[in-house]
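Have a look at the structure below before the remarks.
Chain letters run A, B, ... following the sequence lines, proteins first and then strands; every chain starts at 1. Just so it is clear, the values below take in all heavy atoms, side chains as well, and ignore hydrogens, waters and symmetry mates. Everything numeric in this text was worked out from a predicted model, so none of it was measured.
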Protein chains: 2
Amino acid sequence: MTETGKEKAITMPEAENNTFDQPCPIRDVLDRIGDQWSLLVLEALGTGRMRFNELGREIGDISRQMLSRTLRRLEHDGLVDRTIFAEVPPRVEYALTDLGRSFLGPMQVLVKWADDNHQAICNARLRINKHDGSQP
Amino acid sequence: MTETGKEKAITMPEAENNTFDQPCPIRDVLDRIGDQWSLLVLEALGTGRMRFNELGREIGDISRQMLSRTLRRLEHDGLVDRTIFAEVPPRVEYALTDLGRSFLGPMQVLVKWADDNHQAICNARLRINKHDGSQP
DNA sequence: GCTGCATGGTCTACTATTTAGATCAAGGAC
DNA sequence: GTCCTTGATCTAAATAGTAGACCATGCAGC
């Protein structure tokens, strides 16, 4: 079950879904950036170019595989640029492209909302929502 | 090995993480709305109040379990309001709260970006990114 | 009177994704 | 010679998500 001959996304990172049969572009784009890590990676890169492990340290709790995969996807989508320096030990730097930078604005709006409404959300969470069907 | 600082108790819907030891509110909020489904649910509810199955049909490919879980979480976070009508067959309607509605603006910005840049992303995807170590 | 349908979920069994940790390659420090 | 560094990748195990069966309830049809 674990290593059966199914070549899925783990074994073939290159063979991602390239067919754009998504009816709506929003859905298509949200499928990519709406995951756990992409926003965080883009936010981290918003502060400037970074190396792989530096990025991992900045985000804190991302596994190397997911960092690698997320970066590859963002690069593939044209949001992130990857530069390899032929040094030893190897150095690889990641930076936002123009397209990637254009995303910072919308993301900042989102982050601002999160910041502004964090307290309200905390309050809602602390209020025990008992749905015992209290019908007046 | 068991729990090293990061507990995301999604497996236990009742016992959600109520401790706010997240250093940054952005991270805390993004952990909730930055998943596959929350955005889509909020977007769907943005058009008006809806019943459970209606919502599922609108989104299309969400499992009932995830829809239920996502709605419960959004309700718990105070973004969505749940109204049960004591009828048979049972009727449950979901609607955005004021807090939930306040999120529509930021989301629209995001959706607009997705819409505007969908083509650029498609172009980037179609361009085969071969990283054969071509250093300048 | 009994069966079947509709709704809003939940439970279970399976599948897919994510993680943790080992490993790799290659040059430099010791 | 041995170990350290970096940027990954591979494997095995844990976790998250899916599809579909199932539940309760009142009414329509037989």
> With ILVMFWY side chains joined below 4.5 Å, transitively, what does B/Val109's cluster contain besides itself?
Replying inline: A/Val109
>> Test question: given the 4.5 Å side-chain rule for I, L, V, M, F, W and Y, name all other residues clustered with A/Val88, or answer none.
In response: none
Side chain of [X], heavy atoms from C-beta onward: which of [options] has the nearest atom to it?
| X | options | result |
| --- | --- | --- |
| B/Pro89 | D/dA8, D/dT5, C/dT7 | C/dT7 |
| A/Arg64 | C/dT7, D/dA8, D/dT6 | D/dA8 |
| A/Pro90 | D/dT6, C/dA26, C/dG8 | D/dT6 |
| A/Ser68 | C/dG9, C/dT19, D/dA8 | D/dA8 |
| B/Arg82 | C/dG9, C/dG27, D/dT6 | C/dG9 |

Length of the line joining [X]:[atom1] and [N]:[atom2], which is rounded to integer Å:
| X | N | atom1 | atom2 | answer |
| --- | --- | --- | --- | --- |
| A/Ile84 | C/dA26 | CD1 | C1' | 16 Å |
| A/Leu71 | C/dT18 | CG | C1' | 16 Å |
| B/Phe85 | C/dG9 | CZ | P | 12 Å |
| A/Glu93 | D/dA8 | CD | P | 12 Å |
| A/Arg91 | C/dG28 | CZ | P | 15 Å |
| B/Leu40 | D/dG17 | CG | P | 14 Å |
| B/Glu87 | D/dG26 | CD | P | 12 Å |
| A/Met66 | C/dA16 | CE | P | 16 Å |

>> Categorize B/Gln65 for me: base, sugar-phosphate, or nothing, with a 4.0 angstrom heavy-atom threshold over every strand shown.
In response: base
> Who passes side-chain hydrogen bond (donor to acceptor under 3.5 Å, both in side chains) against A/Arg57, sequence neighbours left out?
Replying inline: none
How far does [atom1] of [X] sit from [atom2] of [Y], to the nearest 0.5 angstrom?
| X | Y | atom1 | atom2 | result |
| --- | --- | --- | --- | --- |
| B/Leu40 | B/Met107 | CG | CE | 8.5 Å |
| B/Arg91 | B/Asn53 | CZ | CG | 13.5 Å |
| A/Leu39 | B/Leu110 | CG | CG | 7.5 Å |
| B/Phe103 | B/Leu79 | CZ | CG | 8.0 Å |

> If you pin A/Ser63 and B/Val88 to their nearest nucleotides in DNA chain C, which one's is more 5'?
Replying inline: B/Val88
> Between A/Asp35 and A/Arg69, is there a salt bridge with N-O shorter than 4.0 Å?
Replying inline: no
> Salt-bridged, B/Arg27 to A/Asp61, with N to O below 4.0 Å?
Replying inline: yes
>> With each end axis built from five pairs of C1' atoms, what bend angle do you get for the helix from C/dG1-D/dC30 to C/dC30-D/dG1? Round to 10°.
In response: 20°
> B/Leu96: what forms a side-chain contact (heavy atoms from CB on, under 4.5 Å) with it, not counting sequence neighbours?
Replying inline: B/Leu42, B/Leu45, B/Val80, B/Arg101, B/Leu104
>> Can you pull out the residues from residues 43-61 of chain B that lie within a 4.0 Å heavy-atom distance of DNA chain D?
In response: none
> Is A/Trp37 near enough to C/dT19 that one of its side-chain N or O atoms lies under 4.0 angstrom from OP1 or OP2?
Replying inline: yes
